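Shown next, in structure tokens, is the structure this report addresses.
In what follows, every chain begins at residue 1, and chains take the letters A, B, ... in the order their sequences are listed. Here the structure is a predicted model, which means the values were calculated and not measured.
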Number of protein chains: 2
Amino acid sequence: MTTRDRILDAAETLFAQDGYAGVSVRQIMSQAGADVSLAYYHFKSKRDLFDQVMLRRAEHLNDIRLKALEAVEKRHPDDAPTVEEIIGAFTNPLLDLLAADHEEWKHYFRLVAQINNSPEWGGELMTRYFDPLVRRFIGALRKALPDCSDEDLYWSYHFLSGALTLTFAETGRIDNLSSGVCRSSDMASINERMPTFLAAGFRALAARE
Amino acid sequence: MTTRDRILDAAETLFAQDGYAGVSVRQIMSQAGADVSLAYYHFKSKRDLFDQVMLRRAEHLNDIRLKALEAVEKRHPDDAPTVEEIIGAFTNPLLDLLAADHEEWKHYFRLVAQINNSPEWGGELMTRYFDPLVRRFIGALRKALPDCSDEDLYWSYHFLSGALTLTFAETGRIDNLSSGVCRSSDMASINERMPTFLAAGFRALAARE
DNA sequence: ACTCGATTTCAACGGCCGTTGAATATTAGT
DNA sequence: ACTAATATTCAACGGCCGTTGAAATCGAGT
């Protein structure tokens, strides 16, 4: 593995744990096992390093989410896919990635959760990295719910986004709350519940008219 | 207003914007218009100041949420309240507080959203400040959905928590995504959609059995 | 007027921060 | 073997960090 990648990995892990401001370049380079100044040879600045961390996996994630959506649509040449299928194409790739390279993606999802909920970064960064794909998904949902207004669609997606990012942040909150009955890391439980829960929400808003 | 309160207000605003690590005690005291060392006269440490910021409004919020739930239950002496009513008792107080003292609570909700999604703080802090009340609400939901397993109840609440905190974080994300069709700050739109969306999710999980 | 505690100011501590420039080592092409 | 680009090391810069102790000010009770 190249040094640049080791730096990105270390930065990803630490940023995910303590946030952008909570981590120093020195800590990152220490965990990467390289000299501090190498950070500024491979990246323009701390902020640039952070952006590259975000970008690296965002592209891959967008790719496989898009493919999952296209696969669902191919299975429905005539009619529209169900809301559950579309939401599944949005969430299942996360589960697949975790199953394949658990540690790597776990940190990334934690990072995205914090970004999404930060007023400083959330608005702009999520838009920059994920908006085209999200618009594509909302387009598919619009076809599945033809009576649903755009306003309802956007708000429904917003609720989905909050539930999704918190769930994949694996903060351990639900473990404490449920006294161990539920575990943050139990992806099977999430898989069988989240799409059902969210699809019902979408339908309930669409049905209000 | 006492100096201690001015420090808490400044800390709340800045922590909500840039997170715990992103703000220095000097910045806080500068915004509060007081000398740096006064922070350490009124509080034990930066971390203690942070805890007091969290605690101050958590108590008030828990109070009025509990009263809202009790009011709902009083309206149903024989049968159980509906899921919508219970969720409304959980979310409406946030809207009321924003309507009454907008700036003050806006910053606090932003802060809570970041805490909730942080692996470093989320698990423990949310548990410490909000768990007793949340357990009370889940108890009410259990009565409204007698066929719902505890596991489903906890996961449903978890999805609710993610949607709720992101929504009240007002990051501007939905403004960008919807190209202005929806606005983060549009509390009327949230009020007429969120309880419906979430209650449908609860019901969908309960109905799987 | 005087005291005594609560509050505020002032100056400073060691330490880590992001970043840089120059010197050195490594690698690939000729 | 020489060169030229790429990669890495070393030492340092000014600046801000959290925190502290001692001195000054203020305010209420006598």
Side-chain angles (χ1 to χ4, degrees), chain A residues 1-56 107-108 110-111 114-115 118-122 124-125 128, chain B residues 1-56 107-108 110-111 114-115 118-122 124-125 128:
Chain A
M1 184 166 36
T2 152
T3 297
R4 197 189 128 98
D5 283 330
R6 287 202 342 272
I7 299 175
L8 284 170
D9 285 346
E12 184 175 68
T13 305
L14 292 172
F15 283 148
Q17 242 153 52
D18 300 323
Y20 177 77
V23 179
S24 71
V25 178
R26 282 171 169 84
Q27 287 175 267
I28 294 169
M29 298 311 288
S30 157
Q31 167 139 340
D35 189 274
V36 206
S37 57
L38 259 183
Y40 296 89
Y41 175 75
H42 289 285
F43 305 93
K44 275 175 24 193
S45 60
K46 183 187 180 185
R47 176 55 203 262
D48 179 46
L49 168 55
F50 176 82
D51 285 336
Q52 300 307 321
V53 167
M54 285 297 293
L55 194 61
R56 183 171 59 150
H107 296 306
Y108 183 71
R110 283 197 173 156
L111 185 51
Q114 289 177 262
I115 297 303
S118 143
E120 178 75 358
W121 314 86
E124 204 224 319
L125 286 194
R128 167 153 18 127
Chain B
M1 182 166 37
T2 151
T3 298
R4 196 188 129 99
D5 283 329
R6 288 205 337 275
I7 299 175
L8 283 171
D9 285 346
E12 185 176 67
T13 304
L14 293 172
F15 282 149
Q17 242 153 52
D18 300 324
Y20 177 77
V23 179
S24 71
V25 178
R26 284 171 169 83
Q27 287 175 266
I28 295 169
M29 298 311 288
S30 157
Q31 168 138 340
D35 190 272
V36 205
S37 56
L38 260 182
Y40 296 88
Y41 174 74
H42 289 285
F43 305 94
K44 274 176 24 192
S45 61
K46 182 187 180 185
R47 177 55 204 264
D48 179 47
L49 167 55
F50 177 82
D51 285 336
Q52 300 306 323
V53 167
M54 284 297 294
L55 194 61
R56 183 171 57 150
H107 296 306
Y108 183 71
R110 284 198 172 154
L111 185 51
Q114 289 177 261
I115 298 303
S118 144
E120 178 75 359
W121 313 87
E124 203 223 321
L125 285 194
R128 166 153 21 125

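Taking CD of B:E12 as the start and CD of B:Q17 as the end, the distance is 11.5 Å to the nearest 0.5 Å.
A pairwise comparison of heavy atoms in A:F50 and A:L111 identifies CE1-CD1, 4.1 Å as the closest pair. Contact between A:A11 and A:V53 at its shortest, heavy atoms only, is CB-CG2, 3.8 Å. Closest approach of A:A34 and A:L38 over heavy atoms only: CB-CD1, 3.9 Å.
Between A:S24 and C:dC16 there is no side-chain polar atom (N or O) within less than 4.0 angstrom of OP1 or OP2. The shortest distance between the side-chain N/O atoms of B:Y40 and the OP1/OP2 oxygens of D:dT20 is not below 4.0 Å.
Residues forming a salt bridge (Lys or Arg N to Asp or Glu O under 4.0 Å) with B:D5 (at least two apart in sequence, or on another chain): none.
Sorted by residue number, the members of residues 43-55 of chain A with any non-hydrogen atom under 4.0 Å from DNA chain C read A:S45, A:K46.
Looking at B:I115 and B:Y20, their side chains never come closer than 4.5 Å, going by heavy atoms from C-beta outward. The closest side-chain heavy-atom distance from B:Q114 to A:P119 is below 4.5 Å.
C:dC17 atom C1' lies 16 Å from atom CG of A:D18, rounded to whole Å. Nucleotide C:dT7 holds its P atom 13 Å from the CE atom of B:M29, rounded to whole Å.
In summary, of the residues considered (A:H107, A:Q31, A:R4, A:R56), a side chain to side chain donor-acceptor pair (under 3.5 Å) with A:D9 occurs for A:R56 alone.
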Quiz item: With the sugar-phosphate defined as primed atoms, P, OP1 and OP2, and the base as all remaining atoms, what B/S/- string results for nucleotides 4-15 of chain D, 5' to 3', for protein heavy atoms under 4.0 Å?
Solution: --SBBBB-B---
